[in-house]
Amino acid sequence: MMLPMLTATLKALLPCALILLTGFPFLKERPAAKLHRVEIVQMKFSPSSLSVQPGDTVVFVNLDVVTHDVTEASGKSWRSPPLAAKDSWKKVVRTSANYYCSFHPVMKGTITVQ
Amino acid sequence: MKRFEKITMKATALLLSVFAFGTTVLAQGNPTLSDAEVASAAVTANQIDIDFAAIAKEKSKNTQVLEFARTMANDHQAVIDQAVALTEKLSVTPKDNAVSQQLKADAEKTKEQLRAKSGKAFDRAYIDNEVSYHTAVIAAVKDILIPETENAELKDLLTSVVPALEAHLEHAKMIQHKMSGK
Ligand SMILES: [Cu+2]
């Protein structure tokens, strides 16, 4: 009675075991994701243009006194919450984007995914 | 159209008068502004733009204008909070003076003119005034307040406010440009 069930479980676990033994080959193919820092200072994104690898994380840090945000420019496909002084916000980036601050539309930046 | 141009010209003239007045007061060499008076003028200049924004919030139905006004209210309040925190730290009590008084007197006239308008005419007058007001305040901060300030931290604070004022000015010009296109 128990034996067929056990076999089924083992069969299901086998691929997992193989992956464990081979050490996640599909993850090893690309280098570890990097963390990039964009400072918001004196009403500018710095650096205002940034090159990243797909899957990298960008952290935006507001060093100004006034509140800013980070809003995707083409169709607001993503947007940070309002970032008060000293606040920061992280985003994993997979596609290139132009962005701006919705409170101060003259503030603009670019992320290029290579 | 003509009416709002007149108002804009008046607003610009008034602000230029503050600037001219301030420069005259200072050109006489005596009295110069103390740091307590600079702090008062800085807080007053920021408070005035918050007051203008409050009128816009009350009168405008244009999303762009309302969002701009909200940013003005938030940003200028943040600057006031920072200035107040610094004066407390330095044990300086902002002191009323000729520049603050002139700013207030001019602002009262502008507010009256803004309150008399409605609809698109109001939106235009508000944004036109924001353009001239920020232009005048940037000049006053750079050419009067910063040179008059002795304390290094107060000087740094005023200097750090300039990019925000410039971003506000560009933003206001952007809206002004869009409005004139319609
Ligand atoms: Cu901003």
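Numbered from 1 within each chain, the chains take letters A, B, ... in sequence-line order.
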>> Do B:Y133 and B:M179 sit in one hydrophobic cluster, given that two such residues count as connected whenever their side-chain heavy atoms are within less than 4.5 Å of each other, even indirectly?
In response: yes
Between B:P163 and A:Q42 the two heavy atoms that sit nearest each other are CG-OE1, 3.2 Å
Q.
If hydrophobic clusters are built from ILVMFWY residues whose side chains come within less than 4.5 Å, do A:V61 and A:V38 share one?
A. no
Those residues of residues 78-93 of chain A that come under 4.5 Å of chain B on a heavy-atom basis, listed by number, are none
A:V41-A:L50 co-clustered via ILVMFWY side chain contacts under 4.5 Å: no
Inset, instruction - Please check if atom NZ in B:K111 has more than 12 non-hydrogen atoms from other residues, nucleotides or ligands closer than 6.0 Å. - result: yes
Note to self: Please say yes or no: joined through hydrophobic side-chain contacts below 4.5 Å, possibly via intermediate residues, are B:L158 and B:L90 part of one cluster?
What the structure shows: yes
Is there a chain of hydrophobic side chains (I, L, V, M, F, W, Y, each step under 4.5 Å between heavy atoms) that links A:F45 to A:I111?
yes
NE2 of B:H171 to CZ of A:F103, rounded to nearest 0.5 Å, is 11.0 Å
Between the CE atom in A:M43 and the CG atom in B:D75, the distance rounded to the nearest 0.5 Å is 5.5 Å
inquiry  = With a sphere of 6.0 Å drawn around NZ of B:K104, does it hold more than 12 non-hydrogen atoms of other residues, nucleotides or ligands?
reply    = yes
More than 12 heavy atoms of other groups within 6.0 Å of B:K155 NZ: yes
One should read off an interatomic distance between A:D64 CG and B:Q82 CD, to the nearest 0.5 angstrom, of 9.5 Å
Discussion item. What I'd like to find out is whether the side chain of B:H168 reaches to under 4.5 Å of the side chain of A:H104, using heavy atoms alone.
Written reply: yes
